[in-house]
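Treat the numbers as computed from the prediction; the structure is a model and nothing was measured.
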Amino acid sequence: MPKPIRAVALLCLAPMFAVWLAAGQPAQAQESGSLALDGAAQESLAAVERYLNGLQTLKADFKQVGPDGEPAEGVIYMRRPGLLRVEYAPPVPVLIVGDGLWIHYHDKELGQINDWFIYETPLGALTREVTRFGEDLEVTGFSESRGVIEVTVVHEDDPRGGSLTLVLDADPLRLLRWRVTDAQGLVTVVTLHDLKTNIRLPRRLFVFDDPRNKPPTNR
C-alpha cells in the first residue's frame with residue numbers, strides 16, 4: 001500500500017489534540033483564546049453539546065481524503081465511554097481499536113502497532129463519557145450558515161497541537177463529517193454515510209486481539 005495512505009490513516013488518530021464542527025467561515029478567536037459568541041450562537045453550541053452527549057453509540061460508513069488527496073474508506077464504530085473501532089477497506093491494511101483506555105493502530109501489512117492514550121487523540125473527544133465545551137476542549141471557532149453548524153475546538157493542554165472540526169446538519173442535528181488539522185496545517189476530512197446512532201454494538205467489537213501477546217510459533 002502506498003505510504004501516503006498509511007500516513008492518512010495514522011493522521012486521523014495521531015495524538016495531536018481535539019476540535020469539532022464545520023460549514024461557512026469560522027468565527028475569530030480573541031487573543032486570550034476564548035471565543036466571543038452571541039446568545040443565539042451560545043444556544044446552538046449548547047445544543048451541539050447535548051447532541052454529542054446523546055450519542056451513546058455510533059456506526060457509519062466513511063470516506064476519507066488526506067492532505068495529498070489520497071482517498072480511503074471503511075466503517076467506524078463508537079460506544080461511550082472510550083470504545084472505538086475503525087476498519088479501513090482494502091487496500092488500506094489498517095485497523096484502529098479503542099478499548100476504553102488505549103487506541104491501538106495496527107498496520108497488518110507491516111506488522112506495526114502503535115498505542116496511545118485514547119483521550120489524547122482527536123476522536124477520543126467523541127468517546128468521553130461526558131463532553132463539555134470550555135473544559136478540556138476549548139472552542140476556537142463557530143459558525144452557523146445555510147443549515148450547517150461548524151464548531152472548532154482544541155485541547156486546552158496543547159492549543160497549538162492541531163484541531164478537530166465537526167460538521168453537522170442544524171435541524172435536526174446530525175453529524176455529517178469532521179476535519180482534522182495537524183500542527184503543520186495539514187488537513188484530513190472524514191465524511192460519514194449511513195449514520196446509525198444509539199444502536200446495540202457488542203463489546204467484542206472493541207477488543208484488540210494484540211498479536212504481540214501471542215506466543216511465537218515453533219518452526
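Donor-acceptor pairing under 3.5 Å is recorded for the side chains of T152 and T165.
In summary, R85 and D99 do not engage in a salt bridge, as defined by a charged side-chain N under 4.0 Å from a carboxylate O. A salt bridge links E150 to R179: one of the charged nitrogens lies within less than 4.0 Å of a carboxylate oxygen.
Atom-to-atom distance recorded for Y51:OH and T131:OG1 is 12.5 Å, nearest 0.5 angstrom. For the atom pair CG of D115 and CG of D210, the computed distance is 7.0 Å after rounding to the nearest 0.5 Å.
In R146, the CZ atom is not crowded: 12 or fewer heavy atoms of neighbouring residues, nucleotides or ligands sit closer than 6.0 Å.
When ring centroids are compared, Y88 and F62 come within the 6.0 Å threshold.
Within the 4.5 Å cutoff, no side-chain heavy atoms of R204 are placed close to those of F206. Using a 4.5 Å heavy-atom threshold, the side chains of D61 and L192 count as separate. Between L205 and M78, the closest side-chain pair of non-hydrogen atoms is not below 4.5 Å.
Although no hydrogens or angles enter the test, the distance criterion places no donor-acceptor pair under 3.5 Å between the side chain of E138 and the main chain of V154.
Classified by interplanar angle (parallel below 30°, tilted 30° to 60°, perpendicular above 60°), the ring pair W116/Y105 is tilted.
Side-chain heavy atoms closer than 4.5 Å link hydrophobic residues (I, L, V, M, F, W, Y) into clusters, and following such links, even through other members, never connects I199 to V86.
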